[in-house]
Structure formats: C-alpha cells, structure tokens
Protein chains: 2
Amino acid sequence: MTETAKIEGFDLLRFLPYLLNQAAEESSLTFQKVYKDRYGLLRTEWRVLFHLGMFGEMTATDIGTRGKIHKTKVSRAVYRLGQRRYLKRMPSETDRRVEWLVLTPAGEAVYRDLRDTAERYEEALLDGFTADEVAQLKRVLCRLGGTTDSAGSPK
Amino acid sequence: MTETAKIEGFDLLRFLPYLLNQAAEESSLTFQKVYKDRYGLLRTEWRVLFHLGMFGEMTATDIGTRGKIHKTKVSRAVYRLGQRRYLKRMPSETDRRVEWLVLTPAGEAVYRDLRDTAERYEEALLDGFTADEVAQLKRVLCRLGGTTDSAGSPK
DNA sequence: TGGTAATGGTTGTTTTTGTAACTAACAAGC
DNA sequence: GCTTGTTAGTTACAAAAACAACCATTACCA
C-alpha cells in the first residue's frame, strides 16, 4: 500500500454499501467453503436447501419470495438438488403448474449438518461483540435488507 | 406463502451471513443502477474508479488488496476504464512489472459525480436510524469485513 | 553468478448469473 | 365456450464471474 493524499470528506471505507459488501463477502466466502467442500453445493442450492429444511414443504415460488431469489436461480437449484436426491418434487393436486418441494432424508441430514455448522460459525463470527451489539446489528440489517418478514424481525 | 411448522431453534432469516448478504445485495443493486445507467460502468469498474478517486495513484495490486478484489477482475476493470479514458497507466520507473494508475480529468469528473450521488444515497439509506446506530453499525461491519484498515476504523 | 521462487499483471476457459422469451396451466369477463 | 391476462416454472442466450495457466519481471540465496 502506498500513500494517501486526497480524501476530501468522503471515505469509501465508510460508505455503507461498501462495508456491507466487504462484510458479506468475507462471511459468505468463509462459509461457502463448508457447503461446497463438504457437499459440493452452490450458494443458491444451499439457500434453497435451508429454506426447505427450515420451513418444510414449499413451492419454488415460495422460496423465491421468502429469500428474494430469482425464479430462474431457484429453478436451477431445485433441479440440481433433485438430481442429488436431496429433495423430492410432488405435483400439486389442485394446480398442475405447481410442485411441492420437500427434502428427502438425505437432504434433511445435509440440512441439519450445515445448520449446526452455520450456528457454530455464526457464534465464532460474533465472538467479541456484546449481545446488544449483535441484536442491534441484526435489527438494522433486517431493515436495510428489506427483510421485514414476519419470520424474522421484531421490527 | 404457506405454513410454517418445523423451525427448530435456528432461523435462517437471522443468520448473520444471510442478513449481510441481503442488505449488501439490496444496497448494491440499487446503487448499481446509477453508475450503470449514467456511465455504463460495471460494479468492479466503479469500485476501481472509486479507489483511484479516493486514494489517488495506486497500482492494480494496491486496489485489489484494499478492496478485496481479485486481480483478474481488477485487470479487466482497469483495461476498460483505460479504454474509456477514465484512467491513465504510467509504467513504474523502478519496477517494470508495475504500472501506476491515475484518473484522468474525465475520470475525476465521473468519480466526483458518483461520489456525491453515493453520499446522498447513503443518507437516504440511513434515514431513520440514529447517529449512534449508524456509528455502531459501521464499526461492527468494519470488523466483520476485516477492514481493520487505518483509513477507516477508529477501532 | 545462476537457479529457484515469488510477484505484478494478463489472457483463456469454464461456471454462474442475469435477462428475456417461452410453455403450460389457471382465472376472469363476456 | 372463447378471448385476454396471470402465474408457475423452464429454457436459451448473453454477460459476468471464478479459476487456472501463463509471461515477464524481480527477489532470494546457495
């Protein structure tokens, strides 16, 4: 690294989207190694798996809505998870466009393993922050991310 | 959205890397529209431009290190910024592998415009949070993102 | 020196993503 | 019933990213 100089009031290193990105990048990449190395999962696949593990039976659209994942990404992730027998597709009885998705026992096992790992990883990540800081951080992030979802934020 | 059911302690919607990602994605995509529509810049190009605008003369490696951007991405971004005459490359006198990068007046102008826009955007983003919340948020994000950089955090 | 390793940077190839268009099924109005 | 409009989900194609291999230096060190 070299000199500095300029810096006229604005500081990229304090620019929020930048900071968010750096932090997200850091934490995502670290955890990515886990689900990738251990199960060969892509990020979207992991997210879809998690949604199913957490909420049980859902449709592709449900997942997309909840997780703000584009339907093409969901579609492809579901396809691959299906190939690996991590989930099963069940045609809806009432609407032939729809398929209900549900984890197979194998998928459940993967989910549980990754969930537990994620929990420990998060603890490590937050080590050194007070409970208050953590709570506030999450609250703020929820609002910033538009996760005004019932399931998440106490608002 | 359908039922819930399961939910056994762990909540993806409160999983930090997930939250970080959602928030980062949200803010990045929103601001992306600005530099894309206005100058046809890619995200990495914008980031490189910003680094140069903020720190002045740097090498490609400097930028990569600071911004955690892979060197191939930096390389290609620099190439395109050069094509648009937003930056100038100057061979180092002491090391023929190295090139110093510096914004042209045109590049400076773009930088200033986008920086000002970014500033206003950030204000809008943070509207509704107290100064304290903002300060703490940034501090925590700095640490999470590994931005222990002198230029940014009071630690 | 001369050989090996490390660094700065670029290029080529393969994966992933984003965008748009498309099929199939349902819904509504007339 | 038949047209028009929506919705669920997939597929095709273009753009962007990840990854690896690659020069051309420079640094290290016997």
Side-chain angles (χ1 to χ4, degrees), chain A residues 1-2 21 24-26 28-33 35-37 40-48 51-52 57-83 87-102, chain B residues 1-2 21-22 24-26 28-33 35-37 39-48 51-52 57-83 87-102:
Chain A
M1 215 103 317
T2 44
N21 221 64
E25 205 68 4
E26 184 80 13
S28 283
L29 287 182
T30 306
F31 190 64
Q32 179 176 52
K33 268 194 63 61
Y35 54 76
K36 190 178 172 189
D37 290 357
L41 292 177
L42 254 29
R43 207 167 63 152
T44 308
E45 287 164 30
W46 171 68
R47 289 180 68 188
V48 166
H51 279 269
L52 288 174
E57 220 169 280
M58 299 178 85
T59 71
T61 303
D62 290 343
I63 295 172
T65 307
R66 279 247 185 212
K68 292 210 179 97
I69 313 173
H70 194 262
K71 61 181 182 174
T72 63
K73 276 166 94 175
V74 175
S75 175
R76 288 193 258 243
V78 166
Y79 174 76
R80 287 196 247 195
L81 290 172
Q83 287 226 315
L87 63 78
K88 201 174 42 170
R89 308 161 89 115
M90 294 151 53
S92 160
E93 306 272 315
T94 61
D95 185 340
R96 272 183 295 169
R97 291 169 304 180
V98 173
E99 281 185 317
W100 289 98
L101 306 169
V102 59
Chain B
M1 213 101 324
T2 44
N21 222 67
Q22 294 274 115
E25 206 66 5
E26 183 82 12
S28 282
L29 287 182
T30 306
F31 191 64
Q32 179 176 54
K33 267 194 65 60
Y35 55 77
K36 189 177 173 190
D37 291 356
Y39 299 105
L41 292 177
L42 254 30
R43 205 165 66 148
T44 308
E45 287 164 30
W46 171 68
R47 290 180 68 188
V48 166
H51 278 267
L52 288 174
E57 219 168 280
M58 299 177 86
T59 71
T61 303
D62 290 343
I63 296 172
T65 308
R66 279 246 186 214
K68 294 209 178 98
I69 313 174
H70 189 96
K71 61 181 182 175
T72 63
K73 276 165 93 175
V74 175
S75 175
R76 285 175 165 126
V78 166
Y79 174 76
R80 286 196 249 193
L81 290 171
Q83 286 227 316
L87 62 78
K88 200 174 43 169
R89 307 160 90 115
M90 295 152 52
S92 159
E93 306 271 315
T94 61
D95 186 339
R96 271 183 294 170
R97 290 170 303 182
V98 173
E99 280 184 318
W100 290 98
L101 306 169
V102 60

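To find a chain, count down the sequence lines: A is the first, B the second, and so on, and within it residues start at 1. The structure presented is a predicted model; accordingly, all values stated were derived computationally and were not measured.
- The separation between Arg76(B) atom CZ and dC19(D) atom C1' is 11 Å, rounded to whole Å.
- Nucleotide dG12(C) holds its C1' atom 15 Å from the OH atom of Tyr79(B), rounded to whole Å.
- OP1 or OP2 of dA24(D) has not a single side-chain nitrogen or oxygen of Arg96(B) nearer than 4.0 Å.
- Of the two residues near DNA chain C, Arg97(A) and Val78(B), the one whose nearest nucleotide lies more 5' is Val78(B).
- Between Leu29(A) and His70(A), the residue anchored closer to the 5' end of DNA chain D is His70(A), taking for each the nucleotide with the nearest heavy atom.
- Put simply, Lys71(A) has no side-chain N or O that comes within less than 4.0 Å of OP1 or OP2 on dA20(C).
- Whole-Å rounding puts the Glu93(B) CD to dT26(D) C1' distance at 17 Å.
- Between Thr61(A) and dG9(D), a side-chain N or O to OP1/OP2 separation shorter than 4.0 Å is present.
- Residue Ile69(A) contributes atom CD1, which lies 16 Å from atom P of dA8(D) at whole-angstrom precision.
- Judged by distance alone, with hydrogens and angles left aside, the side-chain atoms of Thr65(A) form a donor-acceptor pair with the main-chain N or O of Thr61(A) at under 3.5 Å.
- Panel note: side chain Arg80(A), backbone Glu45(A); no donor-acceptor pair is recorded below 3.5 Å.
- Contact check, Arg89(A) against dT10(D): a side-chain N or O comes under 4.0 Å of OP1 or OP2.
- Contact annotation: Ser75(A) side-chain N/O to dT10(D) OP1/OP2 distance is under 4.0 Å.
- Applying the 6.0 Å contact sphere to CD of Gln83(A) captures more than 12 heavy atoms from other residues, nucleotides or ligands.
- A straight line from CD of Gln32(A) to P of dT15(C) spans 16 Å, rounded to a whole angstrom.
- A distance-only check finds no donor-acceptor pair linking the side chain of Arg89(A) to the backbone of Gly82(A) [under 3.5 Å].
- Between Arg80(B) and the phosphate of dT10(C), there is no side-chain N or O to OP1/OP2 separation shorter than 4.0 Å.
- Considering every non-hydrogen atom in both Asp62(B) and Trp100(B), the closest pair reads OD2-CZ3, 4.2 Å.
- The CG atom of Leu42(B) sits 13 Å away from the C1' atom of dT17(C) (whole-angstrom rounding).
- Residues Lys73(B) and Asp95(B) both approach DNA chain D. Their nearest nucleotides, taken by heavy-atom distance, put Lys73(B) toward the 5′ side.
- Computed from coordinates, the Glu99(A) CD to dT10(D) C1' distance equals 11 Å when rounded to whole Å.
- Distance, Asp62(A) CG to dT7(D) P: 15 Å, rounded to whole Å.
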